[in-house]
Amino acid sequence: MDGTGQFSLEGAYPPDFYGRSTLKVAHDLLGQYLVVREGQRILAGRIVETEAYIGEDDPACHGHRGRTPRNAVMFGPPGLAYVYFTYGNHFMLNFVSEKEGFPAAVLIRAVEPTTGIKWMIKRRGVTDPDRICRGPGNLTVALGINRSFNGLPLAGPRLLVCRNPARRPPIKTSGRVGVNEGWERPWRFFFRDHPCVSAYRKGTKTGRKE
DNA sequence: GATTGGATCTACT
DNA sequence: GTAGATCCAATCG
């Protein structure tokens with residue numbers, strides 16, 4: 001089976017799913033399929049780790065200093081992909097949430113690869129399935145996600161988020177990874193004990209307070 | 001126009 | 001545990 005039937009547009013979440021509380025969206029996204037279509041090729045995996053970035057009051061949210069060309073998609077309608085480049089070498093994949101005009105998004109931090117694994121291995125140069133999509137920078141490499149995905153709908157031909165009816169493992173929360181201000185908010189969601197979840201790292205700034 | 005720091009990863013000590 | 005890679009957007013002058 002090629003997986004195209006399993007990941008049909010009919011199984012995708014509509015924008016309404018994203019136009020809710022970001023914390024609910026981040027929680028509900030765990031376990032669902034993230035699907036990338038490259039022509040006939042399908043790359044997919046189960047989302048196992050997310051983080052919420054919510055509004056101008058959240059110092060870690062890109063939208064907290066207002067709208068700029070870079071973060072404009074965050075202010076747009078829910079249900080779109082917000083992809084940005086950081087640290088000189090990494091793309092980050094986010095899903096825009098809440099209502100239009102309110103800057104919020106869910107960062108996809110880790111995925112358990114399920115379909116097209118051999119292509120992901122080729123891109124990553126790593127063979128351990130647990131490590132292929134562990135970490136937000138790694139999963140965008142594995143799935144071939146780049147700047148051209150910014151603003152794409154999450155129920156479209158290239159990008160798709162589909163419901164997975166399987167029962168979900170226990171969900172845990174924690175502070176967000178790599179965040180210096182606002183890190184104490186428990187806005188990271190992940191499957192407990194799942195091997196594909198990224199390691200927790202504190203904010204990198206040396207001056208970070210406890 | 002220059003500076004600074006970042007929602008990271010890997011490799012090395 | 002810590003450093004270096006590497007680029008871009010935001011900020012300041």
Side-chain angles (χ1 to χ4, degrees), chain A residues 18 22-23 25-27 29-30 34 45 47-76 78 80-98 102-113 120-151 154 172-190 195-210:
Chain A
Y18 303 95
T22 307
L23 295 178
V25 176
H27 180 274
L29 279 170
L30 290 178
L34 169 62
I47 297 169
V48 299
E49 182 183 354
T50 61
E51 278 178 5
Y53 290 85
I54 311 175
E56 318 225 356
D57 293 336
D58 176 4
C61 177
H62 284 174
H64 92 108
R65 284 190 212 284
R67 187 182 187 127
T68 67
R70 183 206 203 191
N71 64 24
V73 174
M74 256 193 150
F75 287 79
L80 302 181
Y82 167 46
V83 177
Y84 67 89
F85 186 74
T86 192
Y87 288 114
N89 32 1
H90 296 290
F91 289 103
M92 302 283 148
L93 172 65
N94 303 255
F95 300 162
V96 177
S97 60
E98 310 271 352
F102 185 94
V106 176
L107 169 68
I108 309 304
R109 288 195 54 87
V111 161
E112 174 193 343
M120 301 189 203
I121 288 174
K122 203 169 178 179
R123 285 211 177 103
R124 288 272 290 114
V126 166
T127 53
D128 180 357
D130 293 347
R131 295 176 47 183
I132 295 174
C133 295
R134 181 159 62 191
N138 287 333
L139 79 87
T140 52
V141 170
L143 298 176
I145 290 168
N146 54 45
R147 195 181 307 286
S148 75
F149 283 71
N150 192 35
L154 298 172
K172 283 202 66 174
T173 65
S174 79
R176 291 172 291 180
V177 175
V179 167
N180 295 306
E181 283 184 89
W183 59 273
E184 70 284 353
R185 306 183 193 197
W187 289 355
R188 171 174 177 246
F189 300 85
F190 57 98
C196 298
V197 170
S198 73
Y200 182 75
R201 274 194 299 275
K202 296 188 290 190
T204 50
K205 210 179 242 171
T206 50
R208 176 172 176 262
K209 350 181 234 304
E210 275 301 302

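Hydrogens, waters and symmetry mates are skipped; everything else that's a heavy atom, side chains included, is used. Naming: A, B, ... by sequence-line order, numbering from 1 per chain.
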From CE of Met74(A) over to C1' of dA7(B), roughly how many Å is that when rounded to an integer? 9 Å

Contacts under 3.5 Å, N or O only, protein and nucleotides 7-11 of chain C:
residue : atom : partner  : partner atom : Å
dC7(C)  : O4'  : Gly88(A) : O            : 3.3
dA10(C) : OP1  : Thr68(A) : OG1          : 2.2

Show me the pairs that pass salt bridge (Lys or Arg N to Asp or Glu O under 4.0 Å) and involve residues 120-131 of chain A, at least two apart or across chains. Glu38(A)-Arg123(A)

Nucleotide dG4(C), atom C1' - distance to NE2 of His90(A) in whole Å: 12 Å

Is the phosphate of dT8(B), meaning OP1 or OP2, less than 4.0 Å from a side-chain N or O of Arg109(A)? yes

Leu139(A) CG to dC9(B) C1', straight-line distance once rounded to whole Å: 13 Å

Base-pairing string, 5' to 3', of DNA chain C - Watson-Crick or wobble, under 3.5 Å, | interstrand: |||||.||||||.

Which pair of heavy atoms, one from Tyr84(A) and one from Arg70(A), lies closest together, and at what distance? CD1-NH2, 3.5 Å

Heavy-atom closest pair, residues Pro113(A) and Cys196(A): CD-SG, 4.4 Å

Can you check the Asn138(A) CG to dA7(B) P distance for me, whole Å? 17 Å

Please report the closest heavy-atom contact between Gly135(A) and Ser198(A), naming both atoms and the distance. N-CB, 3.9 Å

If only atom types and distance count, is the side chain of Asn150(A) paired as donor or acceptor with the main-chain N or O of Val83(A) below 3.5 Å? yes

For residues 49-60 of chain A, which residue pairs pass the salt bridge (Lys or Arg N to Asp or Glu O under 4.0 Å) check, not counting sequence neighbours? Glu49(A)-Arg109(A), Glu49(A)-Arg188(A), Glu51(A)-Arg109(A), Asp58(A)-Arg176(A)

Rounding to a whole Å, what distance do you find between Asp128(A):CG and dT10(B):C1'? 15 Å

Between Leu30(A) and Val48(A), the two heavy atoms sitting closest are CD2-C, 3.4 Å

CZ of Arg124(A) versus C1' of dT10(B): gap in Å, rounded? 10 Å

Taking atom P in both dG1(C) and dA7(B), what distance in whole Å separates the two? 22 Å

Once you round it to whole Å, what is the distance between P of dT8(B) and CZ of Arg201(A)? 7 Å

Pairing residues for Asn146(A) by the side-chain hydrogen bond (donor to acceptor under 3.5 Å, both in side chains) criterion, not counting sequence neighbours: Ser148(A)

Over all strands shown, is Arg131(A) touching base, sugar-phosphate only, or nothing at heavy-atom distances under 4.0 angstrom? nothing

By the 4.0 Å heavy-atom rule, please label Asn94(A) as base, sugar-phosphate, or nothing. base

Whole angstrom value for the distance that separates C1' of dG6(B) from OH of Tyr53(A): 11 Å

Partner residues of Thr22(A) under the side-chain hydrogen bond (donor to acceptor under 3.5 Å, both in side chains) criterion, sequence neighbours left out: Ser97(A), Glu98(A)

Of the listed dA7(B), dG6(B), dC9(B), the closest approach to the Asn180(A) side chain comes from dG6(B)

